[in-house]
Amino acid sequence: MRQVKKVSRTGVRAAPRKKGSKIAPGKRRNGAANRTFGRRTERPAGPIGAWIERMREGNFGMQPFAYGALVLIACVAVYGVVIGGHAENGVNAVTHQANRLLALSGFSIQDVTVTGRAQTRKDDLLAAVGTKRGDPIFGFDTEAARQRIERLDWVRSATVTRLLPDTIRIEVSERQPFALWQRGGELSIVDAEGRPITDEGVQDFAHLPFIVGFGAPRAAPELLTLMQKERPELLQRVRAFVRVSDRRWNLRLENGVDVKLPETGVAKALADLAAYDTKYRVLSRDIVAVDLRLPDRVSVELTENAANGTGIATDATLKKNGVRPGQAGRGGNT
């Protein structure tokens with residue numbers, strides 16, 4: 001039988017469908033069009049790239065310069081606010097108002113507790129704290145208060161903390177009095193580290209060792225520790241420790257006798273003095289001074305009565321390299 005080709009109403013013959021093709025003719029035409037006319041060959045330039053391109057062509061506006069001017073003006077304004085302190089003042093004002101509101105709600109200072117205080121006066125301590133009842137507790141500067149407290153005479157260190165909602169706690173560590181120090185006609189209380197504590201109330205510490213001379217506070221702890229450990233019986237008889245030229249010591253005994261110690265070998269000199277005193281009782285005789293500065297002998301300076309043969313010092317037994325009467329002070333206070 002003869003096949004008759006289909007003809008459309010318009011008279012155009014339809015193209016024969018290929019075998020195996022599952023895509024409609026209309027969709028195939030659309031896909032081809034997309035591949036031909038919808039492909040982007042180049043990516044469009046961004047704003048910066050376009051501006052650079054216009055700069056190359058000499059075609060640019062004033063908008064970027066306007067933006068730059070605005071940024072510069074803003075930076076200058078911020079700099080002026082910061083340098084002038086206006087920003088800090090504003091923050092402080094806001095903080096102050098916030099602290100006042102918190103104080104009204106119960107966070108205010110109502111009590112100050114102190115531990116470790118023995119010699120520091122209460123009024124001086126409260127003045128250093130720098131606060132009063134009712135002040136905002138969050139507005140209290142604990143670090144500044146600690147620094148002020150540690151500047152007090154007796155205070156070695158201090159710790160200041162807040163105990164919410166209404167208490168400030170202060171823990172004080174005080175310096176311990178070690179000796180009374182006389183220099184240039186003035187008296188001070190010093191600690192074991194040789195640092196002066198105060199010039200006030202020295203009459204209440206008359207029981208402390210009495211040291212004299214410049215450099216005495218720094219060198220006294222070593223000598224006193226040595227005598228407390230090895231010669232406590234002699235230490236009880238010392239009325240004053242006199243520092244000579246900041247090099248050595250003279251011991252002024254309670255009976256007025258001066259014991260002149262050497263610069264070095266102090267322990268041996270004190271041992272020799274104790275031995276001679278046990279054997280000859282030199283510290284109980286009519287003498288002015290005992291000179292221990294020479295390592296091989298002990299020289300004794302007699303009083304005027306003893307030198308004239310009318311005192312008890314003439315009964316001392318004299319031996320070679322032993323106790324020798326004479327002018328122990330010939331060398332002066334050196």
Side-chain angles (χ1 to χ4, degrees), residues 95-96 98-100 102-184 186-229 232 235-236 238-241 243:
T95 303
H96 178 69
N99 289 335
R100 289 189 59 186
L102 290 173
L104 293 176
S105 63
F107 292 94
S108 61
I109 298 175
Q110 300 297 326
D111 191 18
V112 178
T113 63
V114 181
T115 58
R117 182 184 69 87
Q119 304 296 336
T120 305
R121 293 188 297 186
K122 181 179 179 181
D123 294 341
D124 294 341
L125 186 59
L126 292 178
V129 172
T131 188
K132 61 182 183 297
R133 186 185 298 272
D135 287 347
I137 193 169
F138 289 109
F140 177 70
D141 191 339
T142 57
E143 177 61 20
R146 181 190 66 80
Q147 294 178 6
R148 291 192 299 268
I149 293 173
E150 290 184 348
R151 285 195 288 267
L152 297 177
D153 292 337
W154 285 95
V155 178
R156 177 189 299 275
S157 62
T159 302
V160 182
T161 54
R162 298 187 189 93
L163 295 179
L164 298 179
D166 58 3
T167 302
I168 299 297
R169 183 176 66 184
I170 302 173
E171 299 177 4
V172 175
S173 175
E174 292 186 335
R175 294 194 282 172
Q176 298 301 316
F178 175 74
L180 291 181
W181 178 35
Q182 176 182 336
R183 82 282 186 203
E186 298 181 358
L187 285 177
S188 299
I189 303 171
V190 298
D191 61 14
E193 298 177 358
R195 296 184 301 176
I197 298 176
T198 182
D199 298 340
E200 300 179 359
V202 294
Q203 65 277 2
D204 298 331
F205 297 90
H207 60 282
L208 295 177
F210 188 71
I211 59 178
V212 182
F214 291 97
R218 182 183 65 256
E222 181 181 0
L223 176 62
L224 290 174
T225 301
L226 173 65
M227 295 187 67
Q228 288 173 354
K229 183 178 180 180
L235 179 61
Q236 296 176 358
V238 178
R239 188 173 65 184
F241 300 82
R243 189 69 172 169

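Residue numbers run from 1 in the order of the sequence given.
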Discussion item. Taking atom CZ as the centre, does Arg121 end up with more than 12 heavy-atom neighbours from other residues, nucleotides or ligands that are less than 6.0 angstrom away?
Written reply: no

Item to complete: To the nearest 0.5 angstrom, please state how far the CG atom of Leu163 sits from the CZ atom of Arg169.
Response: 5.0 Å

Item to complete: Could you tell me whether the side chain of Ile137 reaches within less than 4.5 Å of the side chain of Pro165, counting heavy atoms only?
Response: no

Discussion item. Would Thr198 and Gln119 count as a side chain to side chain contact (heavy atoms under 4.5 Å, CB included) here? Give the steps.
Written reply: CA-CA 11 Å; Thr198 182; Gln119 304 296 336; over 6 Å; no

Item to complete: Over all heavy atoms of both residues, which pair between Ala145 and Val129 is shortest? Give the atoms and the distance, please.
Response: CB-O, 4.0 Å

Worksheet item: If you look at every heavy atom in Pro221 and Ala192, which pair is closest and at what distance?
Response: CG-O, 3.1 Å

Worksheet item: Taking the side chain as C-beta and beyond, is there a heavy-atom pair between Glu150 and Ser157 under 4.5 Å?
Response: yes

Worksheet item: Taking everything shown except Glu222 itself, do over 12 heavy atoms lie less than 6.0 Å from its CD?
Response: no

Discussion item. Tell me every residue that passes side-chain hydrogen bond (donor to acceptor under 3.5 Å, both in side chains) with Arg239, counting only those two or more places apart in sequence or in another chain.
Written reply: none

Discussion item. Which heavy atom of Leu152 sits nearest to which heavy atom of Ala128, and what is that distance?
Written reply: CD1-CB, 4.2 Å

Fill in: Heavy-atom closest pair, residues Asp135 and Lys132
OD2-N, 3.1 Å

Fill in: Residue pair Thr161, Thr142: steps toward the side chain to side chain contact (heavy atoms under 4.5 Å, CB included) verdict
CA-CA 6 Å; Thr161 54; Thr142 57; over 6 Å; no

Worksheet entry | Close side-chain approach of Thr159 to Ile170, heavy-atom, < 4.5 Å | no

Item to complete: Grab the two heavy atoms, one from Ile109 and one from Val112, that are nearest each other, plus how far apart they are.
Response: CG2-CG2, 4.4 Å

Worksheet entry | Heavy-atom closest pair, residues Pro177 and Ile189 | CB-CG2, 3.7 Å

Discussion item. Rounded to the nearest 0.5 Å, what separates atom CD in Gln228 from atom CD in Gln236?
Written reply: 10.5 Å

Discussion item. Checking the side chain of Glu174 only, and the main-chain atoms of Ala118 only, is there a donor and an acceptor separated by less than 3.5 Å?
Written reply: yes

Worksheet entry | Test item: Asp166 and Asp111 side chains (from C-beta on) under 4.5 Å apart, heavy atoms | no

Item to complete: Report the distance from atom CZ of Arg162 to atom CD1 of Ile168, rounding to the nearest 0.5 Å.
Response: 6.5 Å

Fill in: Phe241 and Leu235: CA distance, side-chain angles, deciding distance, side chain to side chain contact (heavy atoms under 4.5 Å, CB included) verdict
CA-CA 10 Å; Phe241 300 82; Leu235 179 61; 3.5 Å; yes

Worksheet item: With a 4.5 Å heavy-atom cut-off, do Glu200 and Asp153 have their side chains touching?
Response: no

Worksheet item: Roughly how far, to the nearest 0.5 Å, is CZ of Phe178 from CD of Glu193?
Response: 11.0 Å

Practice prompt. Using a 4.5 Å cut-off on heavy atoms from C-beta on, say whether the side chain of Arg183 contacts that of Arg243.
Written response: no

Fill in: Between CZ on residue Arg148 and CG on residue Asp141, distance to nearest 0.5 Å
7.5 Å

Item to complete: Compute whether any side-chain donor of one residue and acceptor of the other, for Ser108 and Gln110, lie under 3.5 angstrom apart.
Response: yes

Worksheet item: So, do Trp154 and Val172 sit near enough that their side-chain heavy atoms are less than 4.5 Å apart?
Response: no

Practice prompt. Determine, stepwise, if the pair Phe205 / Leu180 fulfils side chain to side chain contact (heavy atoms under 4.5 Å, CB included).
Written response: CA-CA 7 Å; Phe205 297 90; Leu180 291 181; 4.1 Å; yes

Worksheet, complete the sentence: So CD1 of Ile197 and CG of Asp191: to nearest 0.5 Å the spacing works out to 5.0 Å

Practice prompt. Find out whether Leu187 and Phe210 are in side-chain contact, i.e. whether some heavy atom of one side chain is under 4.5 Å from a heavy atom of the other.
Written response: yes

